Engineer: 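Got a structure here, written out as structure tokens. Questions coming.
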Protein chains: 2
Amino acid sequence: MNTFKPQDYIPQLSIDSVIFGYQEKELKVLVSQLNLQNQAIYTLSGGFIKQIESIDEAAGRILKDRTGLENIYLEQFKTFGLINRTNKAVSELLEKEDHQQSGGNQLKTSDIQWISNRFISIGYYALVDINKVALTKDNPQESAAWISVDNLPEMIMDHNEIVSEALNALRNNLDEKLIGFNLLPETFTMRELKELYEAVYDRPFARNNFQKKMLSLNVLERLEKQFTGAANKAPYLYKFGKT
Amino acid sequence: MNTFKPQDYIPQLSIDSVIFGYQEKELKVLVSQLNLQNQAIYTLSGGFIKQIESIDEAAGRILKDRTGLENIYLEQFKTFGLINRTNKAVSELLEKEDHQQSGGNQLKTSDIQWISNRFISIGYYALVDINKVALTKDNPQESAAWISVDNLPEMIMDHNEIVSEALNALRNNLDEKLIGFNLLPETFTMRELKELYEAVYDRPFARNNFQKKMLSLNVLERLEKQFTGAANKAPYLYKFGKT
DNA sequence: ACAAAAGTGTTATCTCTACACCCATGT
DNA sequence: ACATGGGTGTAGAGATAACACTTTTGT
């Protein structure tokens, strides 16, 4: 039996999610690497929509598949539908690869055909705490890695453009809705929050004014101080969600 | 031959456009009315996506079909994909109607089936100069009318929600991008522009401050005065696009 | 002369930015 | 004592909002 058929999945429609994480003062994206015919193919986290789920549910399911996480901040930002949006290049490599392999690892011809269709793709972006993601590697040909948003490899189709549109949407939403905290651990210092903003907007913020602005939002709860052992005043820890 | 088949159109995917116009100090939406079995069915302007066109092209084509206009401001704002997004209620009425009719007017069974599927719909909104639209009525069962955005009838499926999301998107874009002028004739007075903004945001604007803000944008060309014959100072006419 | 609506100016308020200063901490 | 980074205060610039006044037009 083939995996993808119109009874189960909506044809020609996919979801591509830009999964953002924050680490070492850099905004990162979860990028999948597929090794086919000695070529490295880079893609975003994508999937298809089941007939018995909404598109938001599909995006959540795909996110859980890749990261193990549930109840994550996820937002639809744009749908991509250029006329020549096909995976032909990849599906041809898959086909070659299949011929060389044997046994249960083979993909079904119908699945390869499914993939080679023109696809319209709904773009979502997710904000995750990078420390909570355990990257699993259940397929030797496939792996995933966190890559800095300004150092991304060339990805398939329009995936690079999808990232840049996602980043646009993120920048527009970060200060309106209060979503930046999804990229940080439970507790964080004001400096960490500021550095996150600097990574997202790719520009510096004044230390004191940033603090004033954030505190004026009335959504941060100030906790105890964090003694790091460094030779300076200990910063307060903060937590999202004022009591 | 049936009209809609997967070779020609992408299945289970549609476009619904909220066509905005401005008239008599009110923001209006073009609503189609379909009379079936003595019931009035209200819908937005929708259609399907051909295999050989992009989604933006499809939205433009649908808009031209309904209004006769080309090169119109059109923006994708959200994709709607709830699990139970079907037209079953309408397709059943269509079926009944079909049985009673005869001759070339009949719809094909396969087309009715096509419509009764679950659909995911890409939402666009368009801004048009209402005076340039000539509403054609080529089908006696179908007509279209401009209806005030806060007086809309109950429409099929989630079309009312689509309008409210479109209005949200419009409000977010009106002052950032300079798109309000698409709703007005070539030339207009400052008062008319202000009343347009008041209709969109549903709140009053201070006359003098509004004028200052608009002029500071440096996108309005001031033309000759407009003598209306009224017993007051004649207002300047303006035109979008500073020389 | 008057009413109605247009055009413009002035001041107060709020917000954002830059500069400055002091404080806690470990060496 | 000192360097380092954290917390906060204040003054200036710029944007926004509120109030006020003058001008044009037809009756």
Side-chain angles (χ1 to χ4, degrees), chain A residues 24-25 171-178 180-181 184-240 242, chain B residues 24-25 171-178 180-181 184-240 242:
Chain A
E24 290 162 6
K25 306 186 187 178
R171 284 176 176 165
N172 284 331
N173 284 162
L174 195 59
D175 45 349
E176 286 182 24
K177 312 172 188 182
L178 302 163
F181 312 103
L184 293 172
E186 276 286 298
T187 63
F188 45 85
T189 64
M190 192 56 77
R191 161 180 273 246
E192 285 167 336
L193 185 59
K194 169 174 163 283
E195 286 170 346
L196 164 62
Y197 269 72
E198 291 177 335
V200 170
Y201 290 104
D202 196 26
R203 71 175 187 88
F205 286 85
R207 185 172 57 91
N208 54 347
N209 297 330
F210 181 84
Q211 169 140 343
K212 250 179 284 181
K213 175 144 195 171
M214 284 299 139
L215 293 181
S216 75
L217 294 176
N218 259 47
V219 293
L220 291 184
E221 186 180 351
R222 180 176 276 187
L223 306 173
E224 75 283 4
K225 293 193 171 194
Q226 185 190 44
F227 290 86
T228 59
N232 53 44
K233 199 169 174 177
Y236 289 106
L237 281 177
Y238 292 91
K239 175 176 139 188
F240 177 68
K242 195 134 184 168
Chain B
E24 290 162 7
K25 305 186 188 177
R171 285 176 175 164
N172 284 332
N173 284 161
L174 195 59
D175 45 349
E176 287 182 23
K177 312 172 187 178
L178 302 163
F181 312 104
L184 292 173
E186 275 287 297
T187 63
F188 46 86
T189 63
M190 193 56 79
R191 161 180 272 247
E192 286 167 337
L193 185 57
K194 168 174 162 284
E195 286 170 345
L196 164 62
Y197 269 71
E198 291 175 334
V200 171
Y201 290 104
D202 196 25
R203 70 174 187 87
F205 286 85
R207 186 172 58 91
N208 54 346
N209 296 331
F210 181 84
Q211 168 141 343
K212 250 179 280 181
K213 176 143 195 173
M214 283 301 139
L215 292 180
S216 75
L217 293 176
N218 259 47
V219 292
L220 290 184
E221 186 181 352
R222 180 177 275 189
L223 307 173
E224 76 284 4
K225 292 194 173 194
Q226 184 190 45
F227 291 86
T228 59
N232 52 45
K233 198 169 175 178
Y236 289 107
L237 281 176
Y238 292 91
K239 174 177 140 188
F240 177 69
K242 194 134 183 166

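Reckoned from all heavy atoms, side chains included, excluding hydrogens, waters and symmetry mates. In this text the structure is predicted, and so the values were computed from the model without any measurement. Just so we're on the same page: letters track the sequence lines, and every chain starts at 1.
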Engineer: Please encode protein proximity along nucleotides 5-15 of chain D as a string of B, S and -, counting only heavy-atom distances under 4.0 Å.
Structural biologist: BBBBBB-----

Engineer: Sequence neighbours left out, what passes side chain to side chain contact (heavy atoms under 4.5 Å, CB included) with A:Y201? Give chain and number order.
Structural biologist: A:R171, A:L174, A:D175, A:Y197, A:R203, A:F205

Engineer: For B:K25, what residues pass the salt bridge (charged side-chain N to carboxylate O under 4.0 Å, His left out) criterion, not counting sequence neighbours?
Structural biologist: B:E195

Engineer: Kindly write out the residues that satisfy salt bridge (charged side-chain N to carboxylate O under 4.0 Å, His left out) with A:R222, not counting sequence neighbours, or none if the list is empty.
Structural biologist: none

Engineer: When the distance from CD of B:E224 to P of C:dG7 is rounded to whole Å, what number comes out?
Structural biologist: 13 Å

Engineer: For A:K213, which residues count as a salt bridge (charged side-chain N to carboxylate O under 4.0 Å, His left out) partner, sequence neighbours excluded?
Structural biologist: none

Engineer: What's the CZ-P distance between B:F205 and D:dA18, to the nearest Å?
Structural biologist: 12 Å

Engineer: The criterion is salt bridge (charged side-chain N to carboxylate O under 4.0 Å, His left out); which residues satisfy it with B:E192, sequence neighbours excluded?
Structural biologist: none

